[in-house]
K.L.:
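Have a look at this one.
Residue numbers start at 1 and run along the sequence shown. Values below: all heavy atoms of this structure, side chains included; hydrogens, waters and symmetry mates excluded.
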Amino acid sequence: MMASSQGREIFLKFLKKEFSSENLCFWTACENLRKIKDEKLFKEQCEEMFTTYLDDSSPQEVSLDFKVKEKVMEQRGEPTETIFDEAQSKIYTLMHRDSFPRFLTSSFYKGLLNEDQPDSKERNEKMIQQDSKMEDEGCKSEITMSLSQ
């Protein structure tokens, strides 16, 4: 699911309904950060990630245990290319153990699977299109950026 841009988009729509889209947004931002080779741009993106996902007053603060967060925060001034690796891994594990099982049992997911019914394919496409038109507060731009690269 995470390896597919389409899978991430569907999962993101579910997470937004669950009010936990920040986890996938952070994971995606980490993936995008790996692609940045310019040092100045890398540092700017790192700082943006801190203000968006890690600062206590962050609009989309991710839930990390104290030790992992402290370790990342200590590197804030001089970020390395592996700065968010452990944090990204923890968030992935959280999604894998918590959000993804809920996704698999959700009516949202079951609606996507129901392709046996004659009108379900059309209904699913309509649902995805409607969700895509919604104003995204989160990682829409990050997802789009990763899709275009």
Side-chain angles (χ1 to χ4, degrees), residues 1-115 124-125 127-149:
M1 186 95 178
M2 298 296 276
S4 159
S5 59
Q6 205 170 29
R8 286 190 306 271
E9 283 190 63
I10 290 168
F11 191 42
L12 178 63
K13 287 176 177 76
F14 169 76
L15 291 174
K16 285 184 179 194
K17 292 174 191 260
E18 294 269 307
F19 302 101
S20 61
S21 61
E22 69 278 357
N23 294 325
L24 182 55
C25 293
F26 175 75
W27 185 89
T28 302
C30 291
E31 290 297 300
N32 291 335
L33 187 66
R34 285 189 175 87
K35 298 172 186 170
I36 298 174
K37 302 300 177 202
D38 179 74
E39 187 177 340
K40 182 180 178 194
L41 185 58
F42 179 85
K43 286 184 176 187
E44 289 172 2
Q45 187 61 36
C46 282
E47 188 55 34
E48 179 68 27
M49 290 174 66
F50 276 104
T51 58
T52 304
Y53 303 111
L54 296 168
D55 286 345
D56 291 336
S57 60
S58 298
Q60 296 185 51
E61 184 180 5
V62 292
S63 181
L64 291 170
D65 65 64
F66 177 77
K67 287 186 178 194
V68 173
K69 187 172 180 178
E70 183 179 49
K71 185 177 174 182
V72 172
M73 295 303 250
E74 287 172 357
Q75 300 176 55
R76 188 174 189 164
E78 291 297 322
T80 65
E81 60 186 33
T82 60
I83 186 170
F84 296 113
D85 286 0
E86 186 177 7
Q88 182 186 24
S89 177
K90 295 288 185 184
I91 293 301
Y92 180 87
T93 300
L94 176 68
M95 289 189 296
H96 178 75
R97 291 184 180 162
D98 183 46
S99 304
F100 195 65
R102 280 198 321 272
F103 170 70
L104 292 176
T105 60
S106 70
S107 58
F108 181 82
Y109 178 70
K110 289 176 182 172
L112 293 172
L113 287 180
N114 245 346
E115 293 191 10
N124 290 342
E125 288 173 4
M127 179 177 71
I128 289 171
Q129 286 173 347
Q130 287 172 345
D131 283 347
S132 294
K133 291 178 185 175
M134 291 171 36
E135 177 88 26
D136 288 329
E137 298 175 8
C139 61
K140 176 80 172 158
S141 61
E142 293 162 343
I143 296 272
T144 303
M145 187 172 91
S146 71
L147 295 176
S148 65
Q149 293 179 351

K.L.:
Kindly give the heavy-atom pair with the smallest separation between Asp98 and Pro101, and that separation in Å.
P.N.:
O-CD, 3.4 Å
K.L.:
Any ion pair linking Arg34 and Asp85 (charged N to carboxylate O, less than 4.0 Å)?
P.N.:
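A salt bridge links Asp85 with Arg34.
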K.L.:
Just verifying a value: how many Å separate Leu24 CG and Glu9 CD, rounded to the nearest 0.5 Å?
P.N.:
10.0 Å
K.L.:
Using atom types as modelled and distance alone, determine if a side-chain donor or acceptor of Gln60 lies under 3.5 Å from a backbone N or O of Tyr53.
P.N.:
no
K.L.:
Shortest non-hydrogen contact from Thr51 to Pro59?
P.N.:
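Thr51 and Pro59 have their closest heavy atoms at O-CD, 3.5 Å.
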K.L.:
Relative to each other, are the rings of Phe11 and Phe100 parallel, tilted or perpendicular (30° and 60° limits)?
P.N.:
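Correct class here is perpendicular.
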K.L.:
What I'd like to find out is whether the side chain of Leu12 reaches to under 4.5 Å of the side chain of Cys25, using heavy atoms alone.
P.N.:
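Result yes, sub-4.5 Å side-chain heavy-atom pair found.
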K.L.:
Is Glu74 atom CD crowded by more than 12 heavy atoms from other residues, nucleotides or ligands, each under 6.0 Å away?
P.N.:
yes
K.L.:
Would you say the side chain of Ser58 lies within less than 4.5 Å of the side chain of Thr52, judging by non-hydrogen atoms?
P.N.:
no
K.L.:
Check this for me: Glu44, atom CD, are more than 12 non-hydrogen atoms of other residues, nucleotides or ligands nearer than 6.0 Å?
P.N.:
yes
K.L.:
Does any part of the side chain of Ile10, heavy atoms only, come nearer than 4.5 Å to the side chain of Tyr109, both counted from C-beta?
P.N.:
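Side chain of Tyr109 against side chain of Ile10, heavy atoms only: no contact under 4.5 Å found.
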K.L.:
Mark yes or no for whether Thr105, through its side chain, and Arg102, through its backbone, hold a donor-acceptor pair below 3.5 Å.
P.N.:
yes
K.L.:
Could you tell me whether Glu61 and Lys69 have a side-chain N and a carboxylate O separated by less than 4.0 Å?
P.N.:
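Looking at Lys69 together with Glu61, the answer is yes, because their closest N to O distance falls below 4.0 Å.
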K.L.:
Would you say that Cys46 contacts Glu48 through its side chain, given a criterion of any heavy-atom pair below 4.5 Å between the two side chains?
P.N.:
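The answer is no, as the side chains (C-beta and beyond) never meet within the 4.5 Å cut-off.
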K.L.:
Parallel, tilted or perpendicular: which one describes the rings of Trp27 and Tyr92, with boundaries at 30° and 60°?
P.N.:
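Geometry flag for Tyr92 against Trp27: tilted rings.
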K.L.:
Between Asp55 (side chain) and Ser57 (backbone), is there a donor-acceptor pair under 3.5 Å?
P.N.:
no
K.L.:
Measuring only between side-chain heavy atoms, which start at C-beta, is Glu31 closer than 4.5 Å to Gln88?
P.N.:
yes
K.L.:
Testing the basics here: between Phe84 and Leu33, what is the closest heavy-atom pair and its distance to 0.1 Å?
P.N.:
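Closest pair (atom of Phe84, atom of Leu33, distance): CD1-CD2, 3.5 Å.
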K.L.:
When rounded to the nearest 0.5 angstrom, what distance separates CG in Leu64 from CD in Glu70?
P.N.:
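Atom-to-atom, Leu64:CG and Glu70:CD are 12.5 Å apart.
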K.L.:
Going from CZ on Phe26 to NZ on Lys90, what distance comes out if it is rounded to the nearest 0.5 angstrom?
P.N.:
12.5 Å
K.L.:
Taking Glu47 first and then Lys43, would you say they form a salt bridge - that is, a charged N and a carboxylate O separated by under 4.0 Å?
P.N.:
no
K.L.:
Can you name the closest pair of heavy atoms from Leu104 and Lys110 and give their distance?
P.N.:
O-CE, 4.5 Å
K.L.:
Let me confirm one number: the CD1-SG distance from Ile91 to Cys30, rounded to the nearest 0.5 Å.
P.N.:
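Here the interatomic distance stands at 8.5 Å.
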K.L.:
Would you find a donor on one side and an acceptor on the other, under 3.5 Å apart, between the side chain of Thr93 and the backbone of Ser89?
P.N.:
yes
K.L.:
What is the distance from atom CG of Asn23 to atom NE2 of His96, rounded to the nearest 0.5 Å?
P.N.:
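Answer for the CG-NE2 pair, Asn23 versus His96, is 14.5 Å.
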K.L.:
Does Phe14 have any ring-ring contact (aromatic ring centres under 6.0 Å, His included) partners at least two apart in sequence or in another chain, and if so, which?
P.N.:
Phe103
K.L.:
With rounding to the nearest 0.5 Å, note down the distance linking NZ in Lys17 to OG in Ser106.
P.N.:
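The OG atom of Ser106 is 9.5 Å from NZ of Lys17, to the nearest 0.5 Å.
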